[in-house]
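Working notes, structure below.
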Amino acid sequence: MKGLFKSKPRTPVEMVQHLHELLVFVLGNTETREKKRAEKIGELDKLLLDIRTVLFGDGQIEPNTEACAQVTKEFFQKDTFRLLINCLPSLDSGARQNATHVIANLQRQRVNSKVIASEYLENNLDIMDILVPVYEDSDIAWTYGAILRECIRHQNVARYVLESDHMKKFFGYLQNPNFDIASDVQATFKELLTRHKSTVAEFLSANYDWFFREYNSQLLQSESYITRRHAVKLLGDMLLDRSNSAVMVRYVTSLDHMRIMMNLLRDSNKTIKLDTFHVFKLFVANHNKPPEIISVLVTNRSKLLRFFGEFNIDKEDEQFEADKSQIIKEIATLQPTDRPCQDLDSF
């Protein structure tokens, strides 16, 4: 008779409650016999897929707003979010993918017009202390990296990471020899330094010296052309953003910074050359150039004019041509200062 009756489907709240129970079991019973543990993890995998279906729909039926709100509220109310993050290494790749989709969706869900994920993370910022260091573990770096980027969509979370010791470690993470992991780190690094304009401007102003010292030595002057390419593109994005105007003004008054750009203009990679051009033009366009920068530009005038005269890109770009013409004009009309300067070897 028992087989004649189907079990009643779980409600969205019950799904999350059961997920919580399974996560607690998996995390707290590492020495349970293998068969029992495998059964629980299998059940966990299926439940994550069911919750994902509630949040995203099944391709034919759109997700129910009320059901999504119930899942979201229960998920954050009972700290299931933290449990799921801690349990990720125990899951297979398919379940990790479902978990990543669930977590990404929860970041955007509104309950009574409030994004409660933001409030939850504000009170649980130490979760970032779990997520960021996982870049040292190649096995799960991609999964945690995707989740980390979803979390730093919230300004309070991004500020916490920017102001923490984790930020300095990113320069090491970016050197990872695994291309895929290094690319994932780069995506997170870029998100941290571009998404929340006012927070980024505050961070760069307060941490200018050490940040650009590391940025120059470890990224812009890296032996890896991929690292250099990403670094100079991101540098341009940061300096050309109006929110960072004060940082840009400070950056383009440094002769050391300009020397690095002049070296990168000679890079064999065309993309690096073009992105460097967009940074270098800021030094030339600066109306308050320090005497030492004027001296270097004048001393290397003929080489720079020849370089830019031959510098072209593969497609027509009116803005590029206008910028290049302006640079040539500025360098050609610069008046020398009394300060002598050696000719740069790179030019």
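When only modelled atom types and interatomic distance are considered, Gln70 and Glu66 share a side-chain donor-acceptor pair under 3.5 Å. A donor-acceptor contact closer than 3.5 angstrom links the side chains of Asp129 and Tyr160. Side-chain contact check for Lys197 and Asn244: no donor-acceptor pair (N or O, by modelled atom type) lies under 3.5 Å. Between the side chains of Asn269 and Arg229, not a single donor N or O lies within less than 3.5 Å of an accepting N or O. With 3.5 Å as the limit, one finds a donor-acceptor pair spanning the side chains of Glu330 and Gln326. Using a 3.5 Å distance cut-off with no hydrogens or angles, the side chains of Ser118 and Gln107 do not pair a donor with an acceptor. Under 3.5 Å, the side chains of Glu119 and Asn123 contain no donor-acceptor pair of N or O atoms.
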Item to complete: Take Val115 and Arg108 through the side-chain contact (heavy atoms from CB on, under 4.5 Å) test and state the conclusion after the steps.
Response: CA-CA 6 Å; Val115 180; Arg108 299 170 173 81; over 6 Å; no
Worksheet item: Passes side-chain hydrogen bond (donor to acceptor under 3.5 Å, both in side chains), Tyr173 versus Thr188? Steps please.
Response: CA-CA 11 Å; Tyr173 299 152; Thr188 303; over 6 Å; no
Worksheet item: Passes ring pair (Phe, Tyr, Trp, His ring centres under 6.0 Å), Tyr120 versus Phe75? Steps please.
Response: CA-CA 10 Å; Tyr120 169 83; Phe75 214 94; 8.9 Å; no
Worksheet item: Would Asp241 and Ser243 count as a side-chain hydrogen bond (donor to acceptor under 3.5 Å, both in side chains) if you check the C-alpha gap in whole Å, the side-chain angles of each, and the deciding distance to 0.1 Å?
Response: CA-CA 5 Å; Asp241 192 299; Ser243 299; 3.3 Å; yes
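Between Asp184 and Arg149 there is a salt bridge, with a side-chain nitrogen of the basic residue lying less than 4.0 Å from a carboxylate oxygen of the acidic one. For the pair Arg306 and Glu310, the salt-bridge criterion is not met [side-chain N within less than 4.0 Å of a carboxylate O]. A salt bridge does not link Arg52 to Asp58: none of the charged nitrogens lies less than 4.0 Å from a carboxylate oxygen. The residues Arg96 and Asp92 are annotated as not salt-bridged, no charged nitrogen and carboxylate oxygen being separated by less than 4.0 angstrom. Checked for salt-bridge contact, Lys169 and Asp165 miss the test: no charged N lies under 4.0 Å from a carboxylate O.
Under a hydrophobic clustering in which Ile, Leu, Val, Met, Phe, Trp and Tyr are joined whenever their side-chain heavy atoms come within less than 4.5 Å, directly or via other members, Leu55 and Ile61 fall into different clusters. Hydrophobic clustering (side-chain heavy atoms under 4.5 Å, transitive across Ile, Leu, Val, Met, Phe, Trp, Tyr) keeps Leu49 apart from Phe81.
Annotation: Phe171 is in aromatic contact with Phe189 [ring centroid separation under 6.0 Å]. Taking the six-membered ring wherever Trp is involved, the centroid distance between the rings of Phe280 and Phe308 falls below 6.0 Å. In this structure, the ring of Phe311 has its center less than 6.0 angstrom from the ring center of Phe320.
Under the 30°/60° scheme for interplanar angles, the aromatic rings of Tyr251 and Tyr208 are found to stand perpendicular.
Nearest heavy-atom pair across Arg259 and Val296 is NH2-CG2, 4.4 Å. Between His166 and Pro133, the closest heavy-atom pair is CE1-CG, 3.9 Å.
Seen from the ring of Phe203, Arg159 does not count as a face-on cation partner, given the 6.0 Å and 45° thresholds.
For the side chain to side chain contact (heavy atoms under 4.5 Å, CB included) test with Gln186, the passing option among Ile181, Leu219, Leu234 is Leu234; the others fail.
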